[in-house]
Amino acid sequence: MALALRSSILCHIRVPISLNLPRLTAVRSMSSSHDDHLDKKEVVDRVLEVIKSFPKVDPSKVTPDVHFQKDLGLDSLDSVEIVMALEEEFKLEIPDKEADKIDSCPLAIEYIHNHPMSS
Amino acid sequence: MGAATKPRLSGMQKQVLALYRGFLRAARTKSPEERSRIEAIVSQEFRRNSLEVDRKNFLYIEYLVRRGKKQLDQLKSPETVGLVSLNVEASQIKKS
């Protein structure tokens with residue numbers, strides 16, 4: 001019951017959150033009520049886990065600050081695959097416009113942490 | 001310097017990546033075995049083209065994107081259960 005209520009509310013808040021990434025930082029400071037939401041540490045751990053399990057990635061190079069292409073030697077097609085894998089891990093659907101911008105761990109963590117539907 | 005403000009991806013790159021994403025999404029709707037097969041074929045195809053096709057050959061890339069979109073539409077149909085690839089491509093591509 002509470003769950004159903006929660007998701008129906010979350011459905012409505014979803015729209016304002018899907019702004020451009022540069023503005024996400026601002027959005028985040030405004031909505032400090034992340035109480036029942038995934039905490040940052042968990043998001044970071046799970047994001048790193050997904051990236052480490054990517055076949056072309058050397059797991060020892062993966063840190064929360066890595067850039068997919070500059071640090072991990074991946075190309076844009078690999079980035080797409082990683083973002084898709086993250087979508088599945090957190091049960092999200094990331095629109096193309098946002099997905100194109102996610103090219104590093106920090107951006108991925110930021111986006112997922114701020115996404116009300118991530119679970 | 002100006003590079004910082006320059007968009008990271010060109011419009012055409014975005015189209016290609018969106019198409020790739022579309023294929024991976026469509027693959028999710030199929031059975032697990034088909035899904036991994038589709039993913040393998042699709043990723044192989046995109047990678048091969050990314051190496052073989054000159055990045056300035058816009059006309060040809062546009063053609064490939066259009067063709068890909070049609071193939072994606074077919075793949076999306078629930079009646080389509082999987083993908084089969086034929087290796088006739090190699091001979092067709094021999095520089096026109």
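Chain letters run A, B, ... following the sequence lines, proteins first and then strands; every chain starts at 1.
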For B/E34, enumerate each residue passing the side-chain contact (heavy atoms from CB on, under 4.5 Å) test, keeping only those at least two apart in sequence or located in another chain.
-> B/K30, B/S31, B/R37, B/I38

Where on B/R47 is there a heavy atom nearer than 4.5 Å to chain A: the side chain, the backbone, both, or neither?
-> both

From A/K101 atom NZ to B/L9 atom CG, the distance as rounded to the nearest 0.5 Å | 11.5 Å

Could you pull out all residues at least two apart from A/D58 that satisfy side-chain hydrogen bond (donor to acceptor under 3.5 Å, both in side chains)?
-> A/S60

Under the side-chain contact (heavy atoms from CB on, under 4.5 Å) test, residues paired with A/S104 that sit two or more places apart | A/H67, A/P106, A/L107

What distance do B/E39 atom CD and A/M84 atom CE have between them, rounded to the nearest 0.5 Å?
-> 8.0 Å

Option among B/K14, B/R21, B/Q13 that satisfies the side-chain hydrogen bond (donor to acceptor under 3.5 Å, both in side chains) test with A/D100 | B/R21

Residues of residues 44-57 of chain A contacting chain B, heavy-atom criterion under 4.5 Å, by residue number | A/K56

